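Read the structure below first, then the notes.
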Amino acid sequence: MEATQNAHKVSYNIIHTFDTLETSLVDALSSMIPHVYTVGPVQLLLNQIPAKERQAKLSNFNGYSLWKEEPECLQWLESKELNSVIYVNYGSSTVMSLQDLMEFGWGLANSNHYFLWIIRSDLVVGESAVLPPEFEEVIKKRGFIASWCPQEKVLDHPSVGGFLTHGGWGSTIESLSAGVPMICWPYLWDQLTNCRYICKVWEVGMEMGERCEKG
């Protein structure tokens with residue numbers, strides 16, 4: 001209620017979504033607060049700007065993330081077949097135990113699919129996200145591990161066929177924009193609701209459950 005009252009005090013309410021995706025939500029908000037505008041998907045809007053003009057505008061802007069991106073993963077994707085790579089990224093704030101990280105790792109290795117796996121330096125709670133040498137040996141031919149990446153470009157790459165995600169809204173709308181199906185492992189906040197919409201309402205993904213097991 002307080003958030004709605006505060007919204008009445010501003011001139012415009014801008015939401016990163018689009019009408020056809022969340023029609024009922026936009027209609028409900030518009031009936032309660034004034035001047036609701038949807039501006040998404042931002043990535044598709046940016047893609048309409050010619051490459052040279054976009055580069056000039058962003059020359060002093062280091063991407064959309066505070067994390068340093070590793071563009072080498074895009075070169076690795078170039079060597080892979082159409083829809084053959086699983087992209088794995090838990091977002092910028094999700095954390096997990098080292099045991100869960102290893103379960104994910106062995107699950108990816110045992111899937112026999114190529115995978116691009118983003119492991120932030122602070123991903124593991126209270127420990128360093130260091131993989132054992134025997135695991136790194138197993139994934140040499142299948143996986144590429146980076147600390148961060150240009151996610152919009154990764155999702156748009158033709159070799160990426162699936163996205164294992166925490167279900168944050170940024171990742172959700174970027175994956176929808178790229179037409180990439182999702183495997184959801186929601187952690188907290190809005191991710192649980194987003195996961196429900198991804199799997200049950202929009203039917204563009206599936207939930208893997210709370211427990212992380214390599215299978």
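Note that these values count all heavy atoms, side chains included, but never hydrogens, waters or copies made by symmetry. Just so it is clear, the structure is predicted and the values come from calculations on it, not from any experiment.
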Donor-acceptor contact present, side-chain R120 to main-chain V95, <3.5 Å: no
Is the shortest side-chain heavy-atom distance between F163 and N89 below 4.5 Å? yes
State, yes or no, whether a side-chain contact exists between S159 and S79 at a heavy-atom distance under 4.5 Å. no
Using the benzene-type ring in the case of Trp, are the ring centres of W117 and F104 under 6.0 Å apart? no
Which pairs, with at least one residue in residues 166-184 and sequence neighbours excluded, count as a side-chain hydrogen bond (donor to acceptor under 3.5 Å, both in side chains)? Q151-S171, Q151-E174
Could you walk me through whether I119 and L131 pass the side chain to side chain contact (heavy atoms under 4.5 Å, CB included) test, one step at a time? CA-CA 10 Å; I119 303 179; L131 300 172; 4.0 Å; yes
Do you reckon Y187 sits in the same ILVMFWY cluster as M102, going by side-chain contacts under 4.5 Å, direct or chained? no
Strictly distance-based, threshold 3.5 Å: is any side-chain N or O of N13 a donor or acceptor partner for the main-chain N or O of P34? yes
Mark yes when over 12 heavy atoms from residues, nucleotides or ligands other than R142 sit less than 6.0 Å from its CZ; otherwise mark no. yes
Evaluate the ring planes of Y12 and Y37, with Trp represented by its six-membered ring, and classify them as parallel (under 30°), tilted (30 to 60°) or perpendicular (over 60°). tilted
Hey, can you tell me if W202 and Y197 have their rings parallel, tilted or perpendicular (30° and 60° cut-offs)? tilted
So, taking the atom named OG in S147 and the one named CD1 in I118, what distance separates them when rounded to the nearest 0.5 Å? 7.5 Å
How far does CD1 of I198 sit from CD1 of I183, to the nearest 0.5 angstrom? 11.5 Å
Derivation and outcome, side chain to side chain contact (heavy atoms under 4.5 Å, CB included), residues E72 and F144: CA-CA 10 Å; E72 294 82 4; F144 188 102; 4.1 Å; yes
Quick one: SG on C149 to OH on Y87, what's the gap to the nearest 0.5 Å? 3.5 Å
Got a sec: does the NZ of K80 have more than 12 other heavy atoms crowding it under 6.0 Å? yes
In terms of hydrophobic clusters joined by side-chain contacts under 4.5 Å, are M96 and W106 together? yes
Using side chain to side chain contact (heavy atoms under 4.5 Å, CB included), reason through I15 and V26 one step at a time and then give a plain yes or no. CA-CA 9 Å; I15 308 172; V26 174; 5.6 Å; no
To the nearest 0.5 angstrom, please state how far the CZ atom of F135 sits from the CD1 atom of I145. 5.5 Å
